[in-house]
Every structure is written in C-alpha cells, then in structure tokens.
Asker: 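Encoded as structure tokens, here's the structure I'll be asking about.
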Amino acid sequence: MSSHGNSNSANDPRMPSAAKPFVAPMVNPQDLPVDYSGFIAVIFGIAGVMFRYKLSSWLAIIFCAQSLSNLRNFETDLKQVSMAMMFAIMGLVTNYFGPARPGRKG
C-alpha cells in the first residue's frame, strides 16, 4: 500500500508559508528572440513582388497574420509586419490586376 495519497500536514516537509508566486523577469525588448514568422512574411512578400509568384504573396499574408497574433514588441514588430503586408498586397495586386507576363497566355 502506498502512502502517496495519504500524506498529512504533520509529515509534509514543505513549508507553504515560504512559498512565493513566480514573477517573470523583465526582459529588454532588444533581447527578445527574433520573430521568424514576420521575417518569413517579408521574404515571401518580396518574392511575390519580384518574381510575381501568387503563392508567395498568399503565404506572406498567412505569415503576417501569424506574426500579428504573436506580437511581443509592439513597435518594432508592427513595423516589420506592416512592411510585409505591403509587399504581400503589392504582389497580389500586380499578379491579379497587373499586365500579363510575357510568354503566358490567358
């Protein structure tokens, strides 16, 4: 028979009065890890504009949404996400409403 579930407070070596709640340490905004989804969104957005890949522009929008949902440092991350969103929207506009690519029919 195990005494695991039958421990009473007289035999408990822990001191509940000495327990302190966890407080997360303050982190400098420059020391936060890189927002990889925002970086990937910028790369896909630029590829969508430069190479006129529709899939790349759509992926940039998806990674922008992911980066927006995980904002850590509001000021710098918002600048990066807004730049990626601009590239993604420019890529979609040029792909769907711009002139046709040379050598392609339709």
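Everything numeric here is computed off the predicted structure, so don't read it as measured data.
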Asker: To the nearest 0.5 Å, how far apart are CG in Leu68 and OG in Ser37?
Answerer: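 So the gap between those two atoms works out to 9.0 Å.
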Asker: Using a 3.5 Å cut-off and no angle test, enumerate the donor-acceptor pairs between side-chain atoms of residues 77-86 and protein atoms at least two apart in sequence or in another chain.
Answerer:
| unit_1 | atom_1 | unit_2 | atom_2 | d |
| --- | --- | --- | --- | --- |
| Asp77 | OD2 | Arg72 | N | 3.3 |
| Asp77 | OD2 | Asn73 | N | 3.3 |
| Ser82 | OG | Leu78 | O | 3.0 |
| Ser82 | OG | Lys79 | O | 2.9 |

Asker: Roughly how far, to the nearest 0.5 Å, is the CZ atom of Phe44 from the CG atom of Leu55?
Answerer: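 If I round to the nearest 0.5 Å, the distance is 7.5 Å.
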Asker: How long is the span from the CG atom in Leu59 to the SG atom in Cys64, to the nearest 0.5 Å?
Answerer: 11.0 Å
Asker: Treating Ile, Leu, Val, Met, Phe, Trp and Tyr as nodes and any side-chain heavy-atom pair under 4.5 angstrom as an edge, say whether Val93 and Phe51 lie in one connected cluster.
Answerer: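 Val93 does not cluster with Phe51.
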Asker: If you look at every heavy atom in Val49 and Phe87, which pair is closest and at what distance?
Answerer: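 What the structure gives for the nearest pair is CG2-O, 3.1 Å.
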Asker: Taking only residues at least two apart or on different chains, which pairs with a member in residues 50-64 satisfy side chain to side chain donor-acceptor pair (under 3.5 Å)?
Answerer: Trp58-Tyr96
